[in-house]
Amino acid sequence: MVVGDVTTGTDVLVIGAGPAGYVAAIRAGQLDLDVTLVEKDAYGGTCLNYGCIPSKALITATDVAHEAATAEEMGIHADPAIDLAGMMDWKDSVVEQLTSGVEKLCKANGVSLLEGTARFADEHTVRVSHSGEGQGSETLEFEHAIVATGSRPIEIPGFDFSDEPVLDSRQALALESVPDSLVVVGAGYIGMELASVFAKLGTDVTVLEMLDSILPGYDDDLKRPVKARAGDLGIEFEFGYTASDWHGRDEDGIRVVAEPAERPAVDGGADAVADESLDLETEAVLVAVGREPVSDSLSLEEAGIETNDRGFIDTDSRARTNVEHVFAVGDVAGEPMLAHKGSAEGKTAAEVIAGDPAALDQQAIPAVVFTDPEIATVGMTEAEAEEAGFETATGTFPFRASGRALTTGCDDGFVKVVADEADGYLLGASIVGPEASELIAELGLAIELGATLEDVAATVHAHPTLSESVMEAAENALGHAIHTLNR
Ligand code: NAD
């Protein structure tokens, strides 16, 4: 112990107050455990402060403007003026409302909040240093620890986030002016979501992607409407390129250099892999090439906690690390790096510590990309189901055949369900189209409950709603959808 230190103790120490950590802390509080939550920055973590919530606020705001500007067909003629400062203020107010709510919920559930940066000193002790000069540090002993330190954007060589024209997603979500042009490196979740935001603000957007298509891992038929809409918004794509450097900063901006990617095409798409380098003029460059775990600053080795070769802390289905009394939840515990997966792991860890027989079932964790239109999936794709040895029955329903979709003016996309041919049990579903992020919940529940195609088809859905498309997709798999041809 360092002279001047205060040593206190807690049953459950949670490190990191993002959606994995604060949910773990609240659940532990509900279970009457003595819990301390240590956070060095802001309650709500990346998701509430710098990621999911601010990006969704800006996606909605720019959608409102774009929809108003393109509603002539509905008899609406508008030319919305964008007040970026006003938009950012509104986004910040949403974030503030949520983060202050998290703090209140933690306190109301008996969680002790501690501001500072925690590092393991041994397997039952952390040292917490408080920020600010002369603020000192304290030592905390714990029975159980839950590591929930999240992830950070990956930096690539040549693109330093501290250089002004180089942006990570957090900086892009807090810009003070709309750039005339933007190069987005990476056509993954973040790249595609923010490319649409900036295109709708009037920025000329070029997306550089080293593979030959957007959103790696998603089926081509899901990506097609997103790629087409991006084209309508004027977003340019350069596939098969790796951003290598930037140079030539002047009042017009910078030039981003990209080299042909060494990786072969994976999706067999129509865009040929490049063979010449690119030099693109742009005002700013957003780098969104993935995220890496925040595990290197915790002195994990002092507690004997192991990481894998990518820095993630491997866990079992009960969120346990290799050290019996230490748990890891959220992004730091590995893919998929999704807030709701982290929250589910957080609840599991708290319940396991309280002695409950909890475990996380990964089979029905949804994933949503908030592109235009949205993509949402849950469970297995058709290919995954076949690979797992199932004979599959599939059904689809296009939104252009949905009365409600037509009345919203958004009728791109479809619902697809995948079931076991033998007994009709739902195995997975995917949706691209309006409100896909909300519609997927019904199918997640259906999979969790072990529902069959007949169960979904026989459930009476309100008319006129987008959710009827879920019922019709199940009916289509059974060969009796009413509003589409059953082939
Ligand atoms: P990502 O892994 O989704 O996509 C990164 C993309 O960058 C890939 O397409 C990859 O091929 C490309 N790439 C990598 N290096 C490159 C290079 N040097 N030049 C050009 N292209 C390159 O990563 P992301 O978009 O940064 O998102 C990070 C994580 O955040 C994801 O794992 C996701 O789970 C999470 N996230 C989720 C949501 C959501 O749930 N809606 C939204 C945003 C982020």
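Both ligands and their constituent atoms are indexed starting at 1 by order of listing.
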Q: Just which atoms of ligand 1 are under 4.0 Å from any heavy atom in Pro216?
A: 8 (C), 9 (O)
Q: From atom 25 (O) of ligand 1, work out which of Thr46, Ile156, Ile190 has a heavy atom at the shortest distance.
A: Ile190
Q: Give the atom numbers and elements of ligand 1 that come within less than 4.0 Å of a heavy atom of Leu208.
A: 20 (C), 21 (N)
Q: Within a distance under 4.0 Å of any heavy atom of Val368, pick out the atoms of ligand 1 and give their elements.
A: 39 (C), 40 (O), 41 (N)
Q: Touching ligand 1 at all, Ala288? Heavy atoms, strictly under 4.0 Å?
A: yes
Q: Which atoms from ligand 1 have a heavy atom of Gly186 less than 4.0 Å away?
A: 6 (C), 7 (O), 12 (C), 21 (N)
Q: With a 3.5 Å cut-off and no angle check, do the side chains of His247 and Asp279 form a donor-acceptor pair?
A: yes
Q: Could you pull out, from Lys341, Met337, Glu193, the option with a heavy atom nearest to atom 32 (O) of ligand 1?
A: Met337
Q: Only heavy atoms of Leu211, strictly under 4.0 Å: list the atoms of ligand 1 that pass.
A: 11 (O)
Q: Can you figure out which of Val289, Thr371, Ile375 has its heavy atom closest to atom 13 (N) of ligand 1?
A: Val289
Q: List ligand 1 atoms under 4.0 Å from Ala243, heavy atoms only on the residue side.
A: 19 (N)
Q: Is it the case that Ser181 and Glu283 place a side-chain donor and acceptor less than 3.5 Å from each other?
A: no
Q: Is there at least one pair of N or O atoms, one from Phe370 and one from ligand 1, spaced under 3.5 Å apart?
A: no
Q: Consider only side-chain N and O atoms of Thr392 and Thr394, and report whether a donor and an acceptor are under 3.5 Å apart.
A: no
Q: Report yes if Gly290 has an N/O atom closer than 3.5 Å to an N/O atom of ligand 1; otherwise report no.
A: yes
Q: Give a yes-or-no answer on whether the side chains of Tyr22 and Asn109 include a donor-acceptor pair shorter than 3.5 Å.
A: no
Q: Determine whether the side chains of His461 and Glu472 contain a donor N or O and an acceptor N or O closer than 3.5 Å.
A: no
Q: Strictly by modelled atom types, are Thr242 and Glu259 linked by a side-chain donor-acceptor pair under 3.5 Å?
A: no
Q: Relative to the heavy atoms of Tyr241, which atoms of ligand 1 are at a distance of less than 4.0 Å?
A: 19 (N), 20 (C)
Q: Taking the side chain as every heavy atom from C-beta outward, state whether Val456 and Glu442 have any pair of such atoms under 4.5 Å apart.
A: yes
Q: Do you know the tightest heavy-atom contact between Phe370 and Ser437?
A: CE2-CB, 3.7 Å
Q: Side chains of Ile146 and Ile15: does their closest heavy-atom pair fall under 4.5 Å?
A: no
Q: Kindly confirm or rule out an N or O of Tyr189 lying under 3.5 angstrom from an N or O of ligand 1.
A: yes
